[in-house]
Protein chains: 2
Amino acid sequence: MQKDFNKTQIDMFIEKCKQHNLKITPQRIAIHGAVVQSRNHPAADEIFKIVKEKFPNISFDTVNRTLLTFSQIGILKIIESFRGARRFDPNLENHHHLHCINCGKIIDFNNENYDRLEVPRNIQQKFTVLNKRVILSGICKECHKTK
Amino acid sequence: MQKDFNKTQIDMFIEKCKQHNLKITPQRIAIHGAVVQSRNHPAADEIFKIVKEKFPNISFDTVNRTLLTFSQIGILKIIESFRGARRFDPNLENHHHLHCINCGKIIDFNNENYDRLEVPRNIQQKFTVLNKRVILSGICKECHKTK
DNA sequence: CTTTTTGCAAAGCGTTTGCATTGAA
DNA sequence: TTCAATGCAAACGCTTTGCAAAAAG
């Protein structure tokens, strides 16, 4: 079994596309290039701006759809967040969340071990932590049943 | 010093409003009532629907603005989330996030202790955890400087 | 009477959709 | 030649803004 030692990033990208029957278009190559070089967790429009320098005709839409496609085939991740409308919580106590990635439900839970988590020393120096919380994401019981 | 033992929720609400020079309007009372009774971390439009039964003329806008006001005076919390556009992350390894609540920046960090967090027994039974992550929110160094 | 608050309407931002055209395989 | 990908435009969902009218203190 051949190892992937000397695969370049672009070769791995092409391989992933082939695995998923995605065509290798110049746009996809450019978007991939922009995103793997990015820092700071770019949003689609930042990638759009970068790619547009090489492909002035590219549409925002293609960039956005391509990024979503890439996340589906495991080339990048979407930063998990509770999307949709802002939610309010009358529970003022510190608590943690279960997040069902299927139905979007957020379930509170309390856990003293999690409350006691220590902030790493090197982070204390560069960031003032006001709140600590743990998010466990996955599939809730109800969504399991209906699958 | 008198303790708040027998304050009802509505009295505490009125007190908080007075502390912050907010007028006690029937709309605010109704919105407060709906939100403290809520479960499931409602979004503004769910509260809107509930309050509209009593106040058919209320606008979505009032509900939304009132909820934001309430979060500012500590009556409820906004479920912290990375708002704005969806962000992409080319870093596929498990990692955790610092989230600056002032500028919105997301900074990755790695921490083996956090990776090793155990999922509580009672949660394992009702939820399939696919991903664990810790979010430390607060103020980043740059935002500290400019304050 | 003064100052907030409300309701409304429009604008804004990001996302999603449908469709005709283009281009990779 | 075929089918997927692209570019465009419109629609959509949620949030924010400005302003005149109404209401609280």
Side-chain angles (χ1 to χ4, degrees), chain A residues 10 13-35 41-49 51-73 75-76 78-88 104 106, chain B residues 10 13-32 34 41-49 51-73 75-76 78-88 104 106:
Chain A
I10 188 151
F13 159 69
I14 289 173
E15 193 173 301
K16 279 244 175 184
C17 284
K18 287 187 178 164
Q19 278 170 22
H20 293 85
N21 294 315
L22 295 182
K23 299 188 173 171
I24 317 289
T25 65
Q27 290 94 331
R28 282 183 174 156
I29 292 170
I31 293 166
H32 173 259
V35 97
H41 316 91
D45 72 323
E46 297 167 59
I47 301 295
F48 175 57
K49 279 179 203 147
V51 176
K52 205 180 169 89
E53 288 172 19
K54 278 193 193 165
F55 292 82
N57 283 331
I58 200 169
S59 70
F60 170 78
D61 220 64
T62 298
V63 175
N64 197 42
R65 262 181 293 124
T66 302
L67 290 169
L68 293 173
T69 305
F70 285 177
S71 75
Q72 283 164 4
I73 67 174
I75 285 177
L76 50 82
I78 292 173
I79 296 198
E80 274 208 59
S81 192
F82 309 123
R83 298 216 58 84
R86 182 190 285 121
R87 287 149 165 272
F88 299 91
I106 299 170
Chain B
I10 188 152
F13 159 68
I14 289 173
E15 193 173 302
K16 278 245 178 186
C17 285
K18 286 187 178 165
Q19 277 170 24
H20 293 84
N21 293 315
L22 295 182
K23 298 187 174 173
I24 317 289
T25 65
Q27 291 93 331
R28 283 185 174 154
I29 293 171
I31 293 166
H32 173 260
H41 314 93
D45 72 321
E46 298 167 61
I47 300 295
F48 175 57
K49 278 179 204 148
V51 175
K52 207 180 169 87
E53 289 172 18
K54 278 194 197 167
F55 292 83
N57 282 330
I58 200 167
S59 70
F60 171 79
D61 220 65
T62 298
V63 174
N64 197 41
R65 263 181 293 123
T66 300
L67 290 169
L68 294 173
T69 305
F70 285 178
S71 75
Q72 284 164 4
I73 67 173
I75 286 178
L76 49 82
I78 291 172
I79 295 198
E80 273 208 61
S81 191
F82 310 123
R83 300 218 57 85
R86 183 191 283 122
R87 285 148 165 275
F88 298 92
I106 299 170

Should [X] be listed as having a side-chain N or O under 4.0 Å from OP1 or OP2 of [N]?
| X | N | result |
| --- | --- | --- |
| R86(A) | dT16(D) | yes |
| T62(A) | dG7(D) | yes |
| Q27(B) | dA23(D) | no |

- Item | Verdict with supporting geometry, T66(B) and H32(B), side chain to side chain contact (heavy atoms under 4.5 Å, CB included) | CA-CA 9 Å; T66(B) 300; H32(B) 173 260; over 6 Å; no
- Would you find a donor on one side and an acceptor on the other, under 3.5 Å apart, between the side chain of K54(A) and the backbone of A30(A)?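 Checked: no pair found.
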- Query: Between H41(A) and I79(A), is there a donor-acceptor pair closer than 3.5 Å when you use the side chain of the first and the backbone of the second?
  - Reply: no
- If we ignore angles and hydrogens, is there a donor and acceptor under 3.5 Å between the side chains of T62(B) and S59(B)? yes
Nearest whole Å is fine: how far is [N] [atom2] from [X] [atom1]?
| X | N | atom1 | atom2 | answer |
| --- | --- | --- | --- | --- |
| F48(B) | dT15(D) | CZ | P | 13 Å |
| D45(B) | dC12(D) | CG | P | 17 Å |
| F60(A) | dA10(D) | CZ | P | 17 Å |
| I58(A) | dA5(D) | CD1 | P | 14 Å |

- Checking side chain to side chain contact (heavy atoms under 4.5 Å, CB included) for the pair V51(B)/Q27(B): CA distance, chi angles, key distance, verdict? CA-CA 8 Å; V51(B) 175; Q27(B) 291 93 331; over 6 Å; no
- Start at the 5' end of DNA chain C and walk down; is the nucleotide closest to K23(A) or to A44(A) reached first?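 The 5'-side residue here is A44(A).
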- Item | Nearest-nucleotide comparison on DNA chain C, the residue closer to the 5′ end among S59(B) and P26(A) |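 In this pair, the answer is S59(B).
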- Message: Can you tell me which nucleotide in dA24(D), dG25(D), dT16(D) comes closest to the side chain of D61(B)?
- Response: dT16(D)
- Test D45(B) against V63(B) for side chain to side chain contact (heavy atoms under 4.5 Å, CB included), laying out the working first. CA-CA 8 Å; D45(B) 72 321; V63(B) 174; over 6 Å; no
Is the shortest side-chain heavy-atom distance between [X] and [Y] below 4.5 Å?
| X | Y | result |
| --- | --- | --- |
| T69(B) | I75(B) | no |
| T25(B) | I29(B) | no |
| I78(A) | R87(B) | no |

- Query: So, for F13(B) and F70(B), is the gap between ring centers shorter than 6.0 Å?
  - Reply: yes
- Give, ordered by number, those residues of residues 64-72 of chain B having at least one heavy-atom distance below 4.0 Å to an atom of DNA chain C; if nothing qualifies, reply none. R65(B), T66(B)
- Message: Quick one, R28(A) with L22(A), criterion side chain to side chain contact (heavy atoms under 4.5 Å, CB included). Give me CA distance, side-chain angles, the key distance, then yes/no.
- Response: CA-CA 10 Å; R28(A) 282 183 174 156; L22(A) 295 182; 3.7 Å; yes
- Please find the earliest and latest nucleotides of DNA chain C, in the 5' to 3' direction, that have an atom within less than 4.0 Å of any heavy atom of chain B.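 Using the under 4.0 Å cut-off, the span is dT3(C) to dT16(C).
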- Using five base pairs at each end, measure the axis-to-axis angle across the helix from dC1(C)-dG25(D) to dA25(C)-dT1(D) and round it to 10 degrees.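 Result, rounded to 10 degrees: 30°.
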- Item | Given DNA chain D, 5'-ward residue of the pair R83(B) and T25(B), judged by closest heavy atom |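 The answer here is R83(B).
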